[in-house]
Structures are given as structure tokens and as C-alpha cells.
Amino acid sequence: MDYIKPAQHILLIVSLFCSPAALNGQKTDPYHADEGGFGYLFEKNKDFSLWWCEGAYKIMRNTRAPSRKKNAIELWSAKNEYEPFQLILFPGKKIDSLKITAGELISESGIIGEDNITVRNVEYVKITRPTDSYAYAGDWPDPLPEAKHPVTAYTGENTVFWITVHVPDSIAAGIYTGSIIISGQGLIQEVPLKLNIWDFCLPEKTSLRSGFGLSVDKIAAYHNLTDEKEIRETFDLYMQAFRDYRIAPYDPFYLYPVRVTISGTEWEGGIYDFNNSFNGDYSLMIEDSDPQSSPVAGYKTNINIDPGKKYDLRWNIKSDRTDHQYCVLFEGYDAEGGKMVFENRMEVFNCDSIWSSQLFTIGPFSDKVSSLKLMFFPVFRTAAGENTGRIWLDNVILTDTGDKTNLIKQGDFEIDTTNIGLDIDFSDFDRAGERYLDEFGFNSFRLYLKGTGSGTYFSREEWIFEYFMKGSPAYDKLMNLYLSSVQDHLEEKGWLGKEYIYWFDEPAKKDYPFVREGMETIKRSAPKLTTFLTENDPGPEITDVTDITCTIFHRVDPVRAKELTAGGHEYWSYLCTAPKAPWVSEFIDHDAVNMRIWLWMTYSYRLNGILIWSTNYWNSYSASPEGYLQNPWSEPASFVQGYGWPYGKQSLWGNGDGRLFYPPNRHPGSDKTKYTEGPVPSLRLEFLRQGIEDYEYLTLLEMMKNSITGRNSKIVKEADELLRIQGKLFNSGKDYTKNPGDILEYRKKVARMIIKIKNK
């Protein structure tokens, strides 16, 4: 069918999707499934209504059962596809101990076992702050916990089950039949199920690239995990969920990084500043910019001393302000390397913005003190670490009073680049790559590189490799060694090209020189590595040094996107706090069709990938009180953090923004049980997977069409017409059908065309 324009059929459009807000302009009217043209009634009597619909709709608590009947659930699926449906019970009286039992599906050619059928409860979150004027307050379906235990069906509201059949890739095509039994106190009903399996298979590894964020820190906090082994095991369960939903995580290597050790330096902490020294090329800059920590720099090795002697420490110092306080600390250690707690020597010193020389005399010590550890704190040190500031050190000299030999090496911070090197350990990284890239089939991952800067249109961090600033000879040598080694290793493992280096987010025009310089730094040493940029106005001034451009969806220019991808450039789109209605979006209180039709548009615009910045953004450190964990089960709003937002200000990003999973812990503020289990998916994640599978249908049809000889044949023209989706399901990202049924019917047409070409 052609896309129905709002001006032509406004009455039909307002009833197409799912919400009381769209029905007759009344937010309080109960929604009737018949109005949306979906759903089929099994049974209606004085005790209950029982009906079903495809897994493409949002069923509200007060969605009324349809009047049209169908005596069996009927589904269509390709091989290696997840095909869901919903079973809905509206009881006239409370029913306890309600559960679903799914039996195997059988045909003459094979069996789909019960282990391929998953039953989940559709649960609701209460929206109190609508995302925008299109949304409305009330209970919205979203969490989908697995139905491990019986539930209670309450009078006057729907109880909804989400049932998914995973069709094995090895199964024979044909019609498979079985049944679903719903039972409870005083209720038992058997519902026939018919599954039509198309004679084609979706690929084992999706052809669509993706990037979805995941915070391991939030997993640890919400699952109450502190043990590294438990965190790794739970992280792996999240990775399995990513695999099953056909999306790729930003960083499957978060717990398995490439380990880098620098040789040839005598100090740790701080930055070797190439642009600001007392004399020579370098000084050591130490900065505390965090009011909740106490960063320190120090000499790497303990300094052997004679405990009976006195020692003089001399150094040159300056700050970026006048009358600035900082601290120098010597810790005492015995001959076995044990810290002698009360043999410290610490003093507070003052400096200003002009270089000066200072002296600290220490000793004698207890006769058990064998060595000292030297540390510099850039501010007045406190337990809370609230002070901030910056100092520069140069010419650090430690001597005993009777001998002028400096006991400290590299106290002038001068670096001979011929003496520095790298040891790179890929062992942990490789173990993760073999599991998540090779076994799980993730086709993309965000490659976090040491030494790169970062930033957004709001702020930025400069490029620093361990202790060395960009532009210094030491930085250039180390970065070249590192980048070339990473590139070569990825190529050797067969992973090169799956990576994307996403180090700067949404630059403004003012940031382009900084971004260009960074991209060129990467490409000079590792030209095969894939650079990535979220960019809202991609132009030639930046795309020539970027391999993947990723644009927020409502800023995608389809014409420009097709031009770029036709030339071999990758182009992705992303959803986040924007766009909001009337655009396609990721929010709980928006249309069911949104996450799915995003993928139809992705195919039509010739985009290569999709991205959402987080899947478990369950808490905002700006909006939540200190120590408080926001509960996504009861507080679905995602609030702003970062970008200079003041602590305590609560501004809505959107309901469910950055949250496609729920934690298994339903009361994270009070329940301190360890949860070593995977996440709870959302309804929106299910819709997204369906869209990704639809994308594979379209991609497969295009590939099969292109394999036909005789380009002017009738079947090629039919396939071409079917692949021209724009103008049928949508006109633009804000002008599209709200009826999931339109997509279901169009998908059937695509499937039938695939079969037609296959049998040609």
C-alpha cells in the first residue's frame, strides 16, 4: 500500500498505533485494538477476554480486546529469526498463579523444541514527566522480565505475555504447529500456534553495523558486585544479550584492555610538559582538577638511604596562580619493603606563577628505615581531596648533607627518545576478541586508544600518551609504536575493519582543526585503522579524514548520505535525547513503530550502521543525590548530566533515553543482594531487533535481485519497486506510518519476493 498522508486520512492515522493520546484527541479514553486494526480474539465470556496480536504493538493496561476472531496464532518467519507475539488476558475477576506453558512446534520435516521458545511478562513503568507534548503521563509497557514464576492477573487491566520463537537456521521450511497453554486459578485455555517458516535464512552475523554503549560501573553498582570474577561473568551475560538482540556493544574489551608499559622513564604520574620548563625541554606538570580526589606524582623506585643521615631535597617549582600551597611527602620503608606508617616526612610549601627554588631537609630516621618513596601533591592535601590546582617541577635533586651526589635519576625530566620504548600485551584483549568477535560475531567495536584526546562541542581533553604531551618527540615515538602495533595485531587476528575510533563527539565548527589534527595523527601511524565521528553537518572539511560519519537521525540528509556511501564512506545514524516527536525516536512514551521503522529508513537511505549512546544509563550523577541510585523500574526518566550541568539540577532528556535494558535488581537503593545474572530487555529492544531482521530481509532481496541475469526482466523490476520503500511506509523521518501492521504486511511481500527469485 502507498503511505497514507495525514491530510488525507487523519481519522485513520490517529487510530493506527497505540495510545489513548492519539484516539479522538482524548487522553483518558480506553484504547480499543479494533481501532488500530490489529489483534484477534480467542475467547470472551463473563470471566475473561483472551486475545493475541503480533509482537509489533504496545498493549496498554486498558487496551480493549478486538472483536474479530481467529482460532489460532499464526506467525511467519525466516530461518534464524526471532519471531514474537503477545497473548493478552483481561480478567473479570482476579486470577492467581497465572502462567504460560509453551510446547514444541512440529512439522513433517522437523521439531522446534521448547528451548527455542521464551516467555516474558510485559510490565509497565509509570510516566510522570512526559518526554514531550506528544507523549502523556500514565503506565507504559517496556520491561520484559522472563516469566520464571506465576503472576496474578488483576481485574480491570490487561495481563500481557511476550512470547518469542527462535527459529533455528538448520530447520526445514514449512508449517509447524503446536500450542500455548495459559493456566491459572480456575482457568486453563489451550491456544493453537501455527508457524510458517520461509525457505530462506537470515545471516548468522548481521550485515548492519552498530554501536551501543554499556556502563560496567553501573552493572557493578546495580548488581551489587565487587568481586572481579563476578563482574566478568555478569558482563559476559550482558554480551550474550547484545548478541541475541543482534547489536554490537561499544566496548566488549572494557575488562580486557591492551596493556601497555613504558620503559625509559623514572617518574610516574603527572605529565612531561614539553612547552613549559625551567630549563631544558621538559618539566613535570602535576594537576588536580577533581574536587573528590588527590592525584600525585612520584619517583618510581624507592631511594635507599642511611637512616642516621640528613638529606636535602631541592627543586624548582611554579604554579598557575600566586600563593599556591602544595605538599611534598617522603614515605619510609623497611629493608623488606614494608611501609613504616609513622616514619613519613611531609611538608606544605608555597609557590606562585614565577619559577622559584625550594628546599626540604629530612632525617635522621629510625634505624629500621631502609628506603624512601618521594611524592609531590599539587595542592594542599586533605582526606576529601577538595582542593584543586596545578604545579610544574624541574631539577629535582636529593643529596645527603655530606655528599652532593644526586640520588634521583632523571630529576631534570629530560628524555632521550632512544631510551624509551613500549611493551604491549594483547593477551587479555585477544581472549575477549576470540569470544566476542569470533564466537559471538560482533561486527564492530569501539577501539579505545591510549594517547588520544577527547571532547565534545562543550569541552575537550588534549592528546597525552601516558606522561607525554602531543607534539613532544617522546609522544610522537610512543604513539607511532603503539598505533602501528595495534593496527598490525588487529590485521593478524582478522579483526581489522571491525574497529572504529570514536574519540570526539559532536564537534562544532570551532573544533574542526582539533579534530582534523587528531584524525591525521592516527592515520600517519596507522592508516588502516577506522576513524569515526558523530557529526551533525558532515562536509568535505572533515569527512576526508573520517572513515565513518554518524549523524543524529533528524539531521541525516538522505541525498548526501547516499553520495557518501556510494563513494565507499561509511555513514551511520544515531538516536539519543533527540530527536523528539514528530521524528523517529527511542523513548518509552512514543510510538511502538519507531525503533523498527528506523531500520527501514536506514536501508532506504543506504546507511551502514546505527548507534545509541547507552543501554544502561540508569542514573544521572548530576540529577541524583549523592549515593542515590535511581530506580529505572519506577523512575523511567533519564536526566541530563555533564556539559557543565550543575549538580542537583534535574532536566529531562527523555523517558528511557539510553536505557534499553533494566537491571534485575528492582530495588537498587535497598536491595543489596548480589545479582549475577543478565539484564532484563525492554519492549523497545525487541522492536529494534525486528527492525534489524527486516533490514536483513531487504538486504537479502537486493543481493538476490542483483544476481539475476537480464537486468530488465519483470522480476527485477518487481524487486526494485519493492525495495523503493520511501513514499510507501514513510516520506521522511518525521512523516511515516504509525501502524506496525503496515510493516508486517510489507515484510511478507519482501519475503514472498525472495522466495519467488529463489525458485525462479
Side-chain angles (χ1 to χ4, degrees), residues 209 211 213-216 248-263 265 271-272 420-433 436-437 442-456 459-507 511 514-535 542 545-550 570 572 609 611 613:
R209 301 246 278 163
L214 178 71
S215 167
V216 177
Y250 270 2
D251 190 7
F253 300 98
Y254 182 86
L255 298 171
Y256 309 93
V258 176
R259 302 192 183 278
V260 179
T261 304
I262 297 178
S263 59
T265 60
I271 303 297
Y272 285 73
I420 60 172
L422 286 180
D423 177 64
I424 305 178
D425 181 0
F426 289 100
S427 55
D428 286 347
F429 182 89
D430 286 351
R431 281 192 290 273
Y436 299 131
L437 303 185
F442 294 146
N443 62 7
S444 47
F445 66 94
R446 185 176 181 179
L447 178 61
Y448 287 87
L449 290 175
K450 196 176 190 67
T452 57
S454 63
T456 69
S459 63
R460 68 175 67 164
E461 295 288 337
E462 296 295 331
W463 289 54
I464 296 170
F465 195 98
E466 195 75 8
Y467 319 122
F468 297 102
M469 301 175 69
K470 190 175 185 298
S472 67
Y475 176 93
D476 292 343
K477 177 181 178 179
L478 293 171
M479 197 64 169
N480 179 65
L481 288 171
Y482 173 66
L483 287 173
S484 59
S485 296
V486 170
Q487 174 183 272
D488 293 347
H489 189 78
L490 291 178
E491 189 166 33
E492 178 187 336
K493 297 292 291 185
W495 302 332
L496 187 65
K498 294 183 179 182
E499 82 291 340
Y500 56 94
I501 304 167
Y502 175 14
W503 66 274
F504 201 99
D505 186 49
E506 298 179 338
D511 301 307
F514 181 73
V515 173
R516 170 173 285 278
E517 184 181 358
M519 297 298 195
E520 290 173 343
T521 297
I522 295 169
K523 289 297 187 181
R524 272 195 300 271
S525 299
K528 296 179 183 179
L529 291 182
T530 306
T531 53
F532 179 103
L533 187 65
T534 47
E535 169 56 61
I542 201 70
V545 291
T546 306
D547 297 312
I548 303 176
T549 294
C550 186
E570 277 199 58
W572 299 14
L611 180 144
W613 68 283

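For this chain, numbers begin at 1 and follow the sequence in order. Basis for what follows: all heavy atoms, side chains included, without hydrogens, waters or symmetry-related copies.
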Minimum heavy-atom separation for [X] and [Y], please, with both atom names.
X	Y	result
Arg460	Phe504	CB-CE1, 4.2 Å
Leu483	Ala526	O-CB, 3.7 Å
Pro507	Glu535	CG-OE1, 3.4 Å
Gln487	Leu496	O-CD1, 4.2 Å
Leu437	Phe445	CD1-CE2, 3.7 Å
Ser263	Leu422	OG-N, 4.5 Å

How many angstroms lie between [atom1] in [X] and [atom2] in [Y], if you round to the nearest 0.5 Å?
X	Y	atom1	atom2	answer
Ile271	Ile464	CD1	CD1	4.0 Å
Trp495	Phe442	CH2	CZ	13.5 Å
Ser484	Met479	OG	CE	10.5 Å
Leu533	Arg516	CG	CZ	11.5 Å
Leu447	Leu490	CG	CG	6.0 Å
Asp425	Asp430	CG	CG	8.5 Å

Mind checking side chain to side chain donor-acceptor pair (under 3.5 Å) for [X] and listing every partner two or more places apart, or none if nothing turns up?
X	value
Glu491	Lys528
Trp613	Asp657
Trp503	none

Exercise for the section: Look at the side chain of Ser444 and the backbone N and O of Gly211, then say whether any donor-acceptor pair between them is shorter than 3.5 Å. Expected result: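 Flag not set: sc Ser444 to bb Gly211 has no pair under 3.5 Å.
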Practice task
For Ser454 and Glu461, test the side chains for any donor-to-acceptor distance below 3.5 angstrom and give the result as yes or no.
Solution key: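 Per modelled atom types, Ser454 and Glu461 side chains form no pair under 3.5 Å.
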Practice task
Indicate whether the side chain of Asp505 and that of Thr456 have a donor and an acceptor atom separated by less than 3.5 Å.
Solution key: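 Distance-only check fails for Asp505 and Thr456.
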Residues 249-256 side chain polar contacts: donor-acceptor under 3.5 Å, at least two apart:
{"unit_1": "Asp251", "atom_1": "OD1", "unit_2": "Phe253", "atom_2": "N", "d": "3.0"}
{"unit_1": "Asp251", "atom_1": "OD1", "unit_2": "Tyr254", "atom_2": "N", "d": "3.2"}

Exercise for the section: With sequence neighbours excluded, tell me which residues meet side-chain contact (heavy atoms from CB on, under 4.5 Å) with Pro257. Expected result: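 In terms of side-chain contact (heavy atoms from CB on, under 4.5 Å), with neighbours along the sequence ignored, Pro257 is linked to Arg259.
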Problem - Ala474: partners by side-chain contact (heavy atoms from CB on, under 4.5 Å), with sequence neighbours left out - result: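 Testing Ala474 for side-chain contact (heavy atoms from CB on, under 4.5 Å), a comparison that skips the adjacent residues, returns Tyr282, Ile415, Thr417, Ile420, Phe468, Ser472.
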Test salt bridge (Lys or Arg N to Asp or Glu O under 4.0 Å) applied to [X] - qualifying residues, sequence neighbours left out:
X	result
Glu570	Arg209
Lys470	Glu517
Glu466	Lys450
Asp547	Lys523

Problem - Counterpart residues, ring pair (Phe, Tyr, Trp, His ring centres under 6.0 Å), relative to Phe532 (two or more places apart) - result: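 Here the qualifying residues are Tyr500, Tyr502, Trp572.
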Problem - Pairs meeting criterion salt bridge (Lys or Arg N to Asp or Glu O under 4.0 Å) with involvement of residues 473-489, two or more places apart - result: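 Pairs touching residues 473-489 that pass the test: none.
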Exercise for the section: I would like to know whether Phe514 and Trp463 meet side chain to side chain contact (heavy atoms under 4.5 Å, CB included); could you show each step before the answer? Expected result: CA-CA 10 Å; Phe514 181 73; Trp463 289 54; 3.8 Å; yes
Exercise for the section: Applying side-chain contact (heavy atoms from CB on, under 4.5 Å) between Glu499 and each of Thr531, Leu449, Leu529, report the one that passes. Expected result: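 Looking at Thr531, Leu449, Leu529, the match for Glu499 under the side-chain contact (heavy atoms from CB on, under 4.5 Å) is Leu529.
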Exercise for the section: Could you go through the side chain to side chain contact (heavy atoms under 4.5 Å, CB included) check for Thr530 and Ile548 one step at a time? Expected result: CA-CA 7 Å; Thr530 306; Ile548 303 176; 3.6 Å; yes
Problem - Ring geometry between Tyr272 and Tyr467 (parallel below 30°, tilted from 30 to 60°, perpendicular above 60°) - result: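 Plane angle between 30° and 60°, so tilted.
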